[in-house]
Every structure is written in C-alpha cells, then in structure tokens.
Amino acid sequence: MIDFSKTYVSHWKVVKVDEHTWDDGEEMPGVSSVSINKDGTDSVPLLETLSMDISRWGDMSDFEEGWYRVILDAEQGGSIERIPLMTALLQKADESIAYGVTTSSVSGTSVLKPLEERKNIGTDYAYAPKGVNGPNWVFDLISSTTPAPVRVVGDGFKLNNNILFSPGISYLEMVWSVLDAGKWVLMIDGDGRIDIVERPKNPSITLSMLNARSISDSFSRTLDYSGVCNRYYAIDRDGSMEIAKNEDPNSVLSYNRRRRWVDYVDTSPNKINGETLYSYARRRLEEESTLVRMYKYDREYWPGIVPFSLIAASLPSKGIDGDLRVLSQAISCEKSIIVSETAGVEIKEWKA
C-alpha cells in the first residue's frame with residue numbers, strides 16, 4: 001500500500017476501456033500530456049473533463065472515440081500500486097502534421113456525458129413522483145443511460161411532492177434537480193464508478209503540520225457575503241406561504257446586523273421526508289446562510305479526494321483550522337501528479 005504522505009515515483013498511462021466489462025484494455029501509445037479538471041461548483045456539474053496531447057509517427061486513423069482511463073502506477077519501496085485517476089469519453093479534436101509526426105489534441109468528458117446528451121421529451125422519466133426514494137429514482141435514470149457502474153450509498157430520502165421536468169432539459173439536469181432536493185450529490189471515482197451519496201460529513205483525510213510538506217506555501221483565501229439572503233419565502237403550489245427570518249444578533253447576515261432584508265423567494269419548494277413548508281423554509285434558509293471561505297493551493301496527489309470530499313485541516317501557519325470541502329481540482333500528469341485545488345470551510349451564519 002502506497003503511503004502518499006511520503007515520496008513515490010509516478011508512472012502514468014492511458015488505456016482503452018471495454019464498454020461491456022468496464023475493464024482496462026490496451027494502452028494508448030504516444031500520449032505526451034494529460035490534464036484533468038474536476039469541478040462540482042456548476043449548477044449542473046459534469047464533475048470531470050480532460051484534455052490530452054498525443055504525438056505519433058504517421059497518421060492517427062486508428063484512434064476511436066470511446067471510453068479511456070488514465071492510470072497512475074505509483075511505485076514506492078519496490079511495490080507498485082494501480083491508482084485510476086479518471087475514466088473519460090474521448091473525442092479527437094485538433095490535429096496537425098509536421099515532418100511526418102501527427103500531433104492531436106483530444107478532449108474528454110466524464111461518465112455523466114451521456115446524461116447531458118439525452119433530453120426529456122415528456123414520456124419516460126417525465127417527472128419524479130411524490131413518495132419516491134429520490135436517490136433510487138436517480139439510480140434508475142443514470143444506469144439506463146451510461147455504461148459506467150453506479151450505486152446508491154445510504155438510505156436516501158423521499159420526495160414530498162412531484163418534481164416536474166420541462167421537455168428539452170437534459171437527463172443530467174433532472175438528476176441534479178432531484179438530488180438537490182435532499183442535498184445529495186454524485187461522486188465519481190477514477191474507474192468511473194458513480195456513487196449517489198449524501199454530501200459527505202466525515203473527512204476522507206487529515207492535513208496537519210505532520211504532512212504539510214504536501215501543501216504549497218502559496219495560499220489564497222476569500223469570503224464573500226454578497227447576495228446571501230436573510231429572509232426566505234417558501235410559496236407552495238397551492239399558494240400557501242411560510243417565511244423564515246434571520247434575526248440572530250450574533251449573525252453577520254441577520255437583519256439586526258445588516259439593517260436591511262435580503263430576500264429569497266422560492267416558488268417551487270421540493271420538500272422531503274415529510275417536512276412541513278415551515279420546516280422546509282427554515283432548512284433552506286440555513287443552507288443559504290452557509291458561507292464558504294475559499295482557499296486555493298497546490299498539493300501532491302492523494303487518491304480518493306474528489307469534489308464534495310471533506311479534508312480535515314489543522315494548519316495554523318497557513319490560517320486553516322477546520323474541515324475543507326473540495327470544490328474543484330486541476331490535476332497535471334507529469335513527472336509527479338500535482339493538484340491545484342480550491343476548497344472551502346463552511347461557516348453557518350444561521351441555524352434552523
């Protein structure tokens with residue numbers, strides 16, 4: 001087992017993936033560089049994209065659009081461990097030829113791409129029905145659309161009302177609409193397995209002064225209060241309305257401190273697990289009142305850390321003491337695997 005807090009040698013490669021078995025296939029020759037971006041901050045995130053440069057003698061007519069996997073073979077103390085970094089749908093893009101060498105730039109997208117390509121036409125999956133287990137409904141939709149393995153981790157949550165989908169929106173938008181109702185997320189591992197999970201509450205790794213060498217000395221951090229509401233209107237489909245207000249004098253977002261109301265009006269509440277409209281409004285005001293102090297830094301690669309993961313950080317010299325939620329990553333595959341990461345500490349300014 002590789003100890004990623006210590007020095008290791010990285011060997012990385014790209015292999016074809018058998019769509020039917022999802023196993024590693026033949027290695028792709030001529031790959032000179034790979035960059036992976038992982039981002040969970042979009043409203044409808046694909047979570048992963050990839051760019052790759054390939055150089056070969058002669059043409060590249062044998063390249064096929066399809067599923068490929070980036071693999072790190074980490075070597076330490078005479079042992080080698082296979083660490084998959086990303087499984088992607090690749091499509092050939094720009095190509096140039098000079099002195100008999102063909103160079104091609106290839107783009108890739110995550111295993112969620114087939115869900116972005118499929119659209120709702122008002123027949124199958126036209127709505128998520130009241131009483132259904134949301135994550136189980138999402139599982140059925142995903143597993144019917146992408147060849148990637150998928151699983152539900154946990155018991156899920158039940159919808160209090162139907163969630164209707166307009167014709168023309170993508171399956172991916174439908175998936176995130178249902179998951180957002182219960183604050184669940186999708187997390188993708190390097191082999192392309194999709195986990196449908198509650199937003200993690202426990203850290204996957206601990207950062208302290210003991211392993212701080214893995215973190216760059218250059219940090220930046222920001223905290224943005226603008227546009228965060230302190231009054232939440234929930235207006236149900238039958239016209240009933242409930243209001244949650246932040247009047248906590250200890251909260252920097254409250255009416256008491258700001259001396260003004262900043263409103264959020266929700267005309268399509270998606271209640272879960274039998275909650276009332278009032279409890280829904282209070283839950284949503286708490287969620288909207290959760291600020292994120294963002295940190296940007298570079299670090300060495302550790303497996304299993306993806307968007308939505310938590311990192312327990314105790315680094316007083318760097319001004320960090322708390323759980324960091326990973327927001328985005330840029331991974332460069334070179335002599336070593338370097339991750340440029342944006343993560344945030346969540347600060348609750350009002351609790352229901």
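Only this structure's heavy atoms are used, side chains among them; waters, hydrogens and symmetry mates stay out.
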Quiz item: Can Val153 be reached from Ile194 by stepping across I, L, V, M, F, W or Y side chains whose heavy atoms are under 4.5 Å apart?
Solution: yes

Exercise. Measure from the side-chain N and O atoms of Arg257 to the backbone N and O of Pro249, and report whether any donor-acceptor pair falls under 3.5 Å.
Key: yes

Quiz item: Donor-acceptor pair, Asp39 side chain versus Thr41 backbone, under 3.5 Å?
Solution: yes

Quiz item: In Å, rounded to the nearest 0.5 Å, how long is the span from CG of Leu47 to OG of Ser328?
Solution: 11.5 Å

Quiz item: Yes or no on side chain to side chain donor-acceptor pair (under 3.5 Å) for Glu341 and Tyr297, after CA distance, side-chain angles and deciding distance?
Solution: CA-CA 6 Å; Glu341 191 161 70; Tyr297 52 87; 2.6 Å; yes

Quiz item: Quick one: which of Arg82, Lys16, Lys13 gives a salt bridge (Lys or Arg N to Asp or Glu O under 4.0 Å) with Asp24?
Solution: Arg82

Quiz item: Can you find a pair of side-chain heavy atoms, one from Val15 and one from Tyr68, that are under 4.5 Å apart?
Solution: no

Quiz item: Which residue pairs pass the ring-ring contact (aromatic ring centres under 6.0 Å, His included) test with at least one member in residues 14-52, sequence neighbours excluded?
Solution: Trp22-Trp67

Practice problem: State plainly whether one hydrophobic cluster holds both Met294 and Val228, where clusters connect Ile, Leu, Val, Met, Phe, Trp and Tyr through side-chain heavy atoms under 4.5 angstrom apart. | Solution: no

Exercise. May I have the step-by-step check of side chain to side chain contact (heavy atoms under 4.5 Å, CB included) for Ser251 and Glu349, ending in yes or no?
Key: CA-CA 5 Å; Ser251 169; Glu349 284 293 341; 3.4 Å; yes

Self-check item: Criterion side-chain contact (heavy atoms from CB on, under 4.5 Å) against Trp184, the qualifying member of Val178, Val152, Ile272
Solution: Val152

Quiz item: Is there a donor-acceptor contact under 3.5 Å linking the side chains of Asp298 and Ser340?
Solution: yes

Quiz item: In terms of heavy-atom contacts, does CG of Asp155 have more than 12 from other residues, nucleotides or ligands at under 6.0 Å?
Solution: no

Quiz item: Going by distance alone, is a donor N or O of one side chain under 3.5 Å from an acceptor N or O of the other, for Ser105 and Asp53?
Solution: yes

Quiz prompt | Lys130, NZ atom: more than 12 neighbouring heavy atoms under 6.0 Å | solution = no

Practice problem: Would you kindly say whether Asp191 and Thr87 are connected by a side-chain donor-acceptor distance under 3.5 Å? | Solution: no

Quiz item: Which heavy-atom pair separates Leu253 from Ser289 by the least distance, and what is that distance?
Solution: CD1-O, 3.9 Å

Quiz item: Looking at residues at least two apart in the chain, or sitting in another chain, which of them share a side chain to side chain donor-acceptor pair (under 3.5 Å) with Ser79?
Solution: none

Quiz item: Is there any ring-ring contact (aromatic ring centres under 6.0 Å, His included) pair reaching into residues 329-350, and which pairs are they, with sequence neighbours excluded?
Solution: none

Quiz item: So, Gln91 side chain and Glu65 main chain: donor-acceptor pair closer than 3.5 Å or not?
Solution: no

Practice problem: Give a yes or no answer on whether the side chain of Trp176 reaches the backbone of Pro45 with a donor-acceptor pair at less than 3.5 Å. | Solution: yes

Quiz item: Is Tyr127 atom OH crowded by more than 12 heavy atoms from other residues, nucleotides or ligands, each under 6.0 Å away?
Solution: no

Exercise. Working to the nearest 0.5 Å, report the span between OG of Ser204 and CG of Leu310.
Key: 7.0 Å

Quiz prompt | Flag, side chain of Asp180 to backbone of Lys183, donor-acceptor distance under 3.5 Å | solution = no

Quiz item: Can you name the closest pair of heavy atoms from Ile331 and Lys38 and give their distance?
Solution: CD1-CE, 4.1 Å

Quiz prompt | Aromatic ring proximity, centroids under 6.0 angstrom, Trp137 and Phe165 | solution = yes

Exercise. Answer yes if Leu159 and Ile142 sit in the same cluster of Ile, Leu, Val, Met, Phe, Trp and Tyr residues linked by side chain heavy atoms under 4.5 Å apart, and no otherwise.
Key: yes

Quiz prompt | Connected via hydrophobic side-chain network under 4.5 Å: Tyr225 and Val262 | solution = no

Exercise. Determine whether Asp73 and Trp12 make a side-chain contact, defined as any pair of heavy atoms from C-beta on separated by less than 4.5 Å.
Key: no

Quiz item: If you round to the nearest 0.5 Å, how far is OH of Tyr171 from CD of Glu116?
Solution: 14.5 Å

Exercise. Ignoring hydrogens and angles, tell me if any N or O in the side chain of Asn120 forms a donor-acceptor pair with the backbone of Ser166 under 3.5 Å.
Key: yes

Exercise. For Arg325 and Phe308, indicate whether the former's side chain and the latter's backbone hold a donor-acceptor pair under 3.5 Å.
Key: yes

Quiz item: In terms of hydrophobic clustering (I, L, V, M, F, W, Y; side-chain heavy atoms under 4.5 Å; direct or indirect links), are Ile205 and Val306 co-clustered?
Solution: no

Self-check item: Nearest-0.5 Å distance that lies between atom CG in Asp18 and atom CG in Asp23
Solution: 6.5 Å

Quiz item: Hey, mind stepping through Arg283 and Glu275 against salt bridge (charged side-chain N to carboxylate O under 4.0 Å, His left out) and telling me if it holds?
Solution: CA-CA 10 Å; Arg283 172 171 68 87; Glu275 66 186 344; 2.8 Å; yes

Quiz prompt | Check: Ser110 side chain, Leu46 main-chain N or O, donor-acceptor pair, under 3.5 Å | solution = yes

Quiz item: Got Glu288 and Tyr232 here, is their nearest side-chain heavy-atom distance under 4.5 Å?
Solution: yes

Quiz item: Donor-acceptor pair, Arg118 side chain versus Lys113 backbone, under 3.5 Å?
Solution: no

Self-check item: Minimum side-chain heavy-atom gap Leu50-Asn37 below 4.5 Å
Solution: no

Self-check item: Considering all heavy atoms, the nearest Cys333-Leu85 contact
Solution: SG-CD1, 3.7 Å

Quiz item: So which heavy atom on Gly108 is nearest to which on Leu90, and how close?
Solution: CA-CD2, 3.6 Å

Quiz item: Do Ile305 and Gln329 have side-chain heavy atoms sitting under 4.5 Å apart?
Solution: yes

Quiz item: How many angstroms lie between SG in Cys229 and CG in Leu285, if you round to the nearest 0.5 Å?
Solution: 5.5 Å

Self-check item: More than 12 heavy atoms from other groups under 6.0 Å of NZ on Lys119
Solution: yes

Quiz item: Closest heavy-atom contact between Arg237 and Asn162?
Solution: NH2-O, 3.9 Å

Quiz prompt | Stepwise side chain to side chain contact (heavy atoms under 4.5 Å, CB included) test for Ile196 and Arg151 | solution = CA-CA 6 Å; Ile196 306 168; Arg151 65 178 183 174; over 6 Å; no

Practice problem: Can you see which heavy atom on Ile311 is nearest to which on Pro203, and at what distance? | Solution: C-CB, 4.2 Å

Quiz prompt | Side chains of Tyr125 and Met174 in contact at under 4.5 Å (non-hydrogen atoms) | solution = yes

Quiz item: Are any non-hydrogen side-chain atoms of Asn230 and Arg258 less than 4.5 angstrom apart?
Solution: yes

Practice problem: Please check if the side chain of Thr146 supplies one atom and the backbone of Val111 the other of a donor-acceptor pair under 3.5 Å. | Solution: yes

Self-check item: Test side-chain hydrogen bond (donor to acceptor under 3.5 Å, both in side chains) applied to Tyr280 and Asn160, Asn270, Asp266, the passing residue
Solution: Asp266

Quiz item: Above 12 or not: heavy atoms from other molecules or residues under 6.0 Å from CG of Asn202?
Solution: no

Quiz item: Between Ser107 and Ser51, is a side chain to side chain contact (heavy atoms under 4.5 Å, CB included) present by the stated rule, with each step listed?
Solution: CA-CA 5 Å; Ser107 60; Ser51 60; 5.7 Å; no

Quiz item: If you round to the nearest 0.5 Å, how far is OG of Ser177 from CD1 of Ile169?
Solution: 5.5 Å

Quiz prompt | Heavy-atom side-chain contact between Ser240 and Leu277 under 4.5 Å | solution = yes

